[in-house]
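These notes are about the structure you will find just below.
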Number of protein chains: 2
Amino acid sequence: VIQLDNITKTYIVGETEVRALRGVTYAIKEGEFLAILGASGSGKSTMMNIIGCLDKPTSGRYLLDGDDISKFDKNRLARTRNKKIGFVFQTFNLLARTTALENTELPLLYSNVPGKERTQRALASLAAVGLKGREHHKTNQLSGGEQQRVAIARALLNNPSLILADEPTGNLDSKTSEEIMAIFTNLNKEKGITIVMVTHEHDIGAYANKRIIMKDGQIIKEETN
Amino acid sequence: VIQLDNITKTYIVGETEVRALRGVTYAIKEGEFLAILGASGSGKSTMMNIIGCLDKPTSGRYLLDGDDISKFDKNRLARTRNKKIGFVFQTFNLLARTTALENTELPLLYSNVPGKERTQRALASLAAVGLKGREHHKTNQLSGGEQQRVAIARALLNNPSLILADEPTGNLDSKTSEEIMAIFTNLNKEKGITIVMVTHEHDIGAYANKRIIMKDGQIIKEETN
Ligand SMILES: Nc1ncnc2c1ncn2[C@@H]1O[C@H](COP(=O)(O)OP(=O)(O)OP(=O)(O)O)[C@@H](O)[C@H]1O
Ligand SMILES: Nc1ncnc2c1ncn2[C@@H]1O[C@H](COP(=O)(O)OP(=O)(O)OP(=O)(O)O)[C@@H](O)[C@H]1O
Ligand SMILES: [Mg+2]
Ligand SMILES: [Mg+2]
């Protein structure tokens with residue numbers, strides 16, 4: 001479902017070039033649960049942003065479900081993202097003066113789903129990540145791990161066929177992390193949803209059925225369960 | 001150096017009361033390296049904000065170096081914070097359109113330290129956390145773990161006598177986490193700096209010489225090495 005062909009990404013900062021991705025070629029099949037590990041700065045989030053259609057590579061080709069994403073205009077890119085992908089960002093990206101419920105409902109705000117059903121689904125998504133009782137807290141009235149879980153609830157709302165989770169348990173204790181991993185495992189096994197998860201913790205990486213290690217913008221190792 | 005006497009903290013959200021801290025009594029001696037663990041939402045950051053003079057308790061008393069903090073006016077509170085405390089925030093709190101160097105220099109911006117020395121010290125602090133080469137990247141041009149390390153470099157800049165670190169390795173791979181823990185251990189052993197660190201990872205908690213576990217706003221357990 002995801003095909004990366006010799007993807008590079010180079011940033012320019014002042015006079016220097018930062019080669020964040022240096023030729024990544026990899027295929028992720030439908031229904032896979034892949035974990036991406038690697039040192040801080042090795043290119044994991046950059047790769048996730050390209051897979052999630054939030055950024056374009058400097059060179060190379062990215063095929064999502066067989067379509068060459070570089071040929072899409074802005075509108076088609078946005079529609080593809082909203083319809084197919086649920087993204088849990090490393091820094092959550094929640095709206096500041098907005099409640100957990102409103103943040104979670106966001107992906108369905110401009111859809112045909114009636115308001116009442118949208119709210120029901122958001123409440124269910126928040127309850128599933130253990131946030132019952134926190135729905136009306138604004139972002140700054142939530143703990144770090146609660147904000148992280150709102151980001152997860154929001155990503156799951158639209159029943160995406162591809163979940164991209166960038167450090168989804170970085171701020172969660174082990175018990176809460178296991179609860180989130182149980183949700184991911186269930187979505188993957190029962191519904192066949194493809195999951196790509198960045199993590200720096202090996203116990204979390206163990207929930208995936210495949211792991212790749214990144215170093216200096218390249219994939220250097222692959223392990224299968 | 002830190003004395004908490006029956007500290008409570010209650011937030012009001014709409015019609016509900018959230019009892020984030022429900023009577024915490026604890027003493028932290030000078031030169032101690034304490035880790036605070038506990039479930040998401042158990043009150044760890046709330047406790048850190050009170051210790052760091054960023055928030056006042058709803059009831060109870062907090063003594064920092066023998067002074068009752070509730071008697072301080074805003075100015076004295078700010079001076080105490082700037083002089084004594086280095087705080088690494090769970091969500092980093094970096095300035096957005098500002099470089100790593102500028103963010104790190106911030107604590108010394110209104111001090112008597114000459115600009116040239118301030119910049120030298122900030123560059124040294126950034127190099128110590130492995131960010132040589134990233135000094136002129138703006139916050140949005142840094143990876144998640146790099147942003148976390150800028151927050152750490154900034155907290156260490158002023159040679160504080162108390163370091164409060166809220167999940168300092170939440171976004172760091174194991175090798176980089178060990179490098180940060182080596183810095184903390186060194187500051188604690190060689191310079192006698194008191195360190196209070198929130199973490200959800202038990203291997204990180206093992207670097208401290210004492211650990212407390214929080215649950216529902218209370219300390220329920222204490223372990224010493
Ligand atoms: N400003 C606020 N207004 C209302 N409730 C709040 C506020 N800040 C925190 N809370 C609530 O208080 C509880 C404790 O929050 P705190 O941030 O201390 O938890 P924590 O232990 O640091 O959690 P985490 O591990 O997720 O970071 C949480 O349930 C949170 O929803
Ligand atoms: N917009 C940008 N402009 C310039 N450099 C960037 C930009 N975004 C990322 N970088 C650099 O590219 C490298 C890879 O960044 P990326 O965010 O992909 O790393 P990562 O593997 O996710 O790291 P972490 O584990 O710390 O989150 C980093 O060294 C970073 O400084
Ligand atoms: Mg990242
Ligand atoms: Mg917290």
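Here is the naming used below: chain letters follow the sequence lines, and residue numbers restart at 1 for every chain. All values derive from a computational prediction rather than experimental measurement. Any value given below was found using the heavy atoms of this structure, including those in side chains, with hydrogens, waters and symmetry copies removed.
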Taking B:T46 for the side chain and B:A20 for the main chain, is one N or O donor matched with an acceptor at less than 3.5 Å?
no
Which of the residues A:L37, A:D203, A:N171 is involved in the greatest number of heavy-atom pairs with chain B at under 4.5 angstrom?
A:N171
Decide whether A:T176 and A:D173 meet the rule of one side-chain donor and one side-chain acceptor closer than 3.5 Å.
yes
Would you find more than 12 non-hydrogen atoms of other residues, nucleotides or ligands less than 6.0 Å from B:R118 atom CZ?
yes
Just by distance, do the side chain of A:N188 and the backbone of A:I193 share a donor-acceptor pair under 3.5 Å?
yes
Would A:E32 and A:K210 pass as an ion pair if we require N to O under 4.0 Å?
yes
Given A:H200, A:K175, A:K44, the one with more heavy-atom pairs under 4.5 angstrom with chain B than any other is A:H200
Structural part of B:T199 lying under 4.5 Å from a heavy atom of chain A
neither
Of the backbone (N, CA, C, O) and the side chain (C-beta and beyond), which part of A:T16 lies under 4.5 Å from a heavy atom of chain B, both, or neither?
neither
For a 4.5 angstrom cut-off between non-hydrogen side-chain atoms, does A:L162 reach A:I2?
yes
Salt-bridged, A:R211 to A:E222, with N to O below 4.0 Å?
no
Is B:T91 in contact with chain A via its backbone, its side chain, both, or neither, using a 4.5 Å heavy-atom distance?
side chain
Please state whether the side chain, the backbone, both or neither of B:V18 comes within less than 4.5 Å of a heavy atom of chain A.
side chain
Minimal non-hydrogen separation, B:S125 against B:L156, with atom names:
OG-CB, 4.1 Å
Pairs of heavy atoms under 4.5 Å with chain B: top-ranked of A:A39, A:S45, A:G14
A:A39
Run the side-chain contact (heavy atoms from CB on, under 4.5 Å) check on A:D216 and A:R19 step by step: do they pass?
CA-CA 8 Å; A:D216 297 328; A:R19 294 170 58 215; over 6 Å; no
Looking only at heavy atoms, what is the nearest atom pair of A:F184 and A:I195, with distance?
O-CD1, 3.2 Å
Sorted by number, residues from residues 137-153 of chain B in contact with chain A (heavy atoms, under 4.5 Å):
B:H137, B:Q141, B:S143, B:G144, B:G145, B:E146, B:Q147, B:R149
Quick one: of B:E201, B:H136, B:R134, who has the most non-hydrogen atom pairs under 4.5 Å with chain A?
B:E201
